[in-house]
Structure formats: structure tokens, C-alpha cells
Amino acid sequence: MHAWLKQTIRVLASAWLCAASMPAIADELAIVGARLYTAPDAAAIERGTVLVRDGRIAAVGPTADIAVPRGAAVVDAQGAVLTAGFWNSHVHLLPPPLRDARRATAPELDAALQAMLTRWGFTAVFDIGSLPGGARALRRRIDTGEVAGPMILTTDALFFPEGGTPIYVRELFQQLNVPSMEVASAAQAQSRARLQLADGADGVKMMAGAIVGGPVGVLPMDRTIAAALVDEAHRQHKPAFAHPTTLQGLDISITSGVDVLAHPTPTEGPWSPELVKRLTDRRMALTPTLTLIEIELKNDSAPPDVVQRFVAAGQQQVGAFARAGGQVLFGTDVGYIEWFDTRREYELMAGAGLDWRAILASLTTAPAERFGHAARKGRIAVGMDADLVLLRRDPATDPAAFADVKTTWRAGRVIYDARAR
Ligand SMILES: [Zn+2]
């Protein structure tokens, strides 16, 4: 047989096999019998059914009231809990192979996304700093359906003060030949922001206080540059994120009009009611990243009492902010830290005083609203995207159950299933 014929047969056969072995994407999907938490402020539906058609939610209600159409794929979800898909609003698509999305194979990307994100229920993430163009390359491969992953929003390359490339990325960026992300003037910050946003970035992220080490320690972002950068994002109706580090960095973030604080400032003691009021008056949001504090200090072999002190400071800040009505967005800094398991973050958020409904809001409605997706995401309701998470246990009894994910769907397609592993 001619080589080309053999090749053709092989290609056709594998395409056929592929199609046959793919999980059937039935026109309709019915998830039957779960306890439904349709939104953080809604009453539970004890035994509910969600009907999915063409990637959207077509019906939702008590199982007794909803007829499952003939031919629909049925998932028996009795004993489990169904919520809207989760958002992680602070990730970095930096670990290989995710940062090499142009070259990596689809199975490699699938496996990495599963380990880091979809296995924990994430159907949407905000990447707030990775290699230039990297997140957008990954997004393209997910959006074509080639790779199973969450919706990706990204700030693309970061903005550092001049001479302020943080000590913890310096070596990596050098090794990978990444162009400098430092900005020396307002004009330079604005023109790069304009380019990145035109290329498809969904926001900007700056180091308001860059950890440079040495005698300088933390280098603040120039206030004029910070304000120019935020203005440019706002002109295009995009959010600005900031890593504050210190009280000075917080002040720069507040006065420049930043929308989302990427971390609390655990080395700066408790946040006063006055400071919290400044943050909430400006309707700022915060990603808690409490696990990060614990992990970083443990990695530095800090004594347990020191770890405990800084984690407690972070919890005080997150708790005071949330009690004052501040918008908390679930976020862990995963991809910077290699700790993928979200269980500890839920425990620490609960310890900061957030109840399970507040945590669910931080995972669903709050980020959907903040980032302009509330019309399609964040709740289980007719017409919304079928981004869904099935949990083995009830987070109302134990918030750590948000980490016990059985199945994750994005637009009605399974992007993680515990049984298939
Ligand atoms: Zn980060």
C-alpha cells in the first residue's frame, strides 16, 4: 500500500475513533436529583433538576416539576450538591506546559489544566500576569474545543516600577528571555497598556509595591505612572489589579483608582476601620490568597508562631473588609504557588469569618459581576451558560466541601470528571 494511502487511512480511522470515544455531547443534558444552590442568596432546592441545551441552562427546578426529554443524557446526582461554576480571580498561567501553549500537545495542556484548575471546579479564571501572549495562546486552544479548560481572562504582561522586577521572577524571566515589564514613564505605561488591551488583554496588573530585596526592599510604583496605567484600562472599561505589599502600596492603589487588590498586606498588621472604609468607598475588590501567605512562609522555614501571626493578620484584613461590605473574589495565586488544592483556602476564609454563602458569592456571582459576565455566568438560571460544579458534600455544613468536586461542566461540556481519572 502506498504510504500516502496508509497515512490517509490512519488519519481517517483515528478521527473516527476519536469521535466515537469522545464523551457523547448529547443535545440535551439532565442533571437530576442534586441539592441545588442556584445562587448565594437563594434558598436551596432540595432535590432539583437542571436541564442543559446547547450549552445553556434550559430549565431548573424541583425534580418533580421538570420532565427530562427523551434522548437527553442523564446524570444521576442524588446525594450531591450542584452550584454554578467557580471563578479563580487570581491565577498565573506560568507553570509549564501552560506557558508554552503554542507548542504543547493538547493532552499535556488538558492534564495541566485539570491538575491546577478544572479538578477544583474552576470554569473561569483571571490570569493576572504571565508571559507575554502566553495566556491568549492557551485561550485560543481552549476556545476551539481542542483543549478542555476554563474561560480565560488575562492581564497579559505585568507592569513593574523602573528597576522593580520582583526578586522572585527575575531569574525565571531572564532564563526565558522575557522582555522587561518595567515602565519608566506614564507615556510608556499607557502605550504598552493600549497595545496589550488591543491585542486581547482583559485588564492590567501592576506592582504598586514591588519586592526587589536588598537594601531597597519594596519599591513603590510612581504615582503618576500608576494613575496613567489605571486610566488607560478604565478608558477601555477594563479592570486594573494591583499587588500592594505595603501600606504605601495600598495608598498608591487606592489613589490611582485600582479595582482589585491582588492580596491583603499581612506584614502590615491589622487594617483599621478607616483604611477599610477607604477601600469600600471606592468599591474595590480583594482576592484573599490566604494559603499563599502560609505556603510562602513555610517554604522559608518560618517558625510556626510566625506563620500563624501573618496568616491571622491576612485573615483579619479579609474579614474586616468583607464585614464592611467589601467585595471578596476567590483567588489563590495558583500558578505562582504550586499548591493546587483549594481546601485550605476555604478553611482559612471560613476562619476569617466568611460563611459558606459569602464564599460561594466570592466563587460565582461576585467575579461574574465584577468582570462584566453577570448576564451569562455566576448563577444557575434559565438562559445562563451551563457552567456547573457537582460537589460530593454540602459546603453549608463544611466550606472545605467546595474542594470536593465530582464533575465540572463548562457550557454543558464535561471539563473534569472524577470517575474518568
Ligand atoms: Zn499573583
Side-chain angles (χ1 to χ4, degrees), residues 87-96 98-99 116-117 120 122 124-132 134-135 138 150 152-161 164-173 176 178 181-182 196 201-213 218-219 221 226 229 233 239-246 249-250 252-253 258-267 284-300 310-311 314 317-318 328-342 344-345 348-349 362 367 370-371:
W87 289 64
N88 190 330
S89 301
H90 186 155
V91 312
H92 298 278
L93 299 170
L94 261 181
L98 299 179
R99 68 174 178 232
M116 189 164 116
L117 299 170
W120 307 103
F122 298 115
V125 298
F126 217 127
D127 160 74
I128 59 171
S130 48
L131 303 186
L138 181 58
I152 291 175
L153 302 179
T154 180
T155 62
D156 209 309
L158 293 148
F159 291 82
F160 301 143
T165 300
I167 190 160
Y168 46 83
V169 293
R170 222 173 275 162
E171 205 176 319
L172 175 73
F173 284 8
L176 297 173
V178 177
M181 297 184 191
E182 298 177 12
Q196 290 184 188
D202 306 284
V204 299
K205 156 92 180 284
M206 70 160 130
M207 290 286 163
I211 301 166
V212 291
V218 178
L219 187 67
M221 177 68 93
L229 177 60
F241 292 75
H243 184 140
T245 313
T246 58
L250 260 185
I252 293 166
S253 306
V258 159
D259 304 277
V260 185
L261 293 171
H263 304 282
T265 56
T267 56
M284 292 171 85
L286 169 68
T287 57
T289 65
L290 294 167
T291 317
L292 163 81
I293 303 169
E294 193 170 73
I295 298 268
E296 286 263 271
L297 290 167
K298 280 185 178 167
N299 285 349
D300 285 352
F310 284 111
V311 170
Q317 296 168 355
V318 171
V328 175
L329 308 175
F330 183 87
T332 53
D333 214 354
V334 69
Y336 171 65
I337 53 169
E338 284 163 33
W339 188 267
F340 299 160
D341 191 332
T342 51
R344 185 67 181 145
E345 188 69 17
L348 292 172
M349 288 172 85
S362 80
R370 169 66 59 167
F371 302 125

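Read the numbers this way: they start at 1 and go in the same order the structure lists the ligands and their atoms. Side chains are part of it too, since the values below use all heavy atoms of this structure and drop only hydrogens, waters and symmetry mates. Remember, predicted model here, so these are calculated numbers, not experimental data.
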_Within-4.5 Å side-chain heavy-atom neighbours: H263 and I293_ = no

*Is there a side-chain contact between L219 and M207 (heavy atoms, below 4.5 Å)?*
no

*H90 N/O/S atom closer than 2.8 Å to the Zn ion (ligand 1)*: yes

*asked:* Tell me which N, O or S atom from D333 is the closest to the Zn ion (ligand 1).
replied: OD1

*So do the side chains of E345 and W339 get within less than 4.5 Å of each other, counting heavy atoms only?*
no

*Assess H92: does it contribute an N, O or S atom lying under 2.8 Å from the Zn ion (ligand 1)?*
yes

*Should the ring pair F241 and F371 be called parallel, tilted or perpendicular, given that the plane angle runs from 0 to 90° and is split at 30 and 60?*
parallel

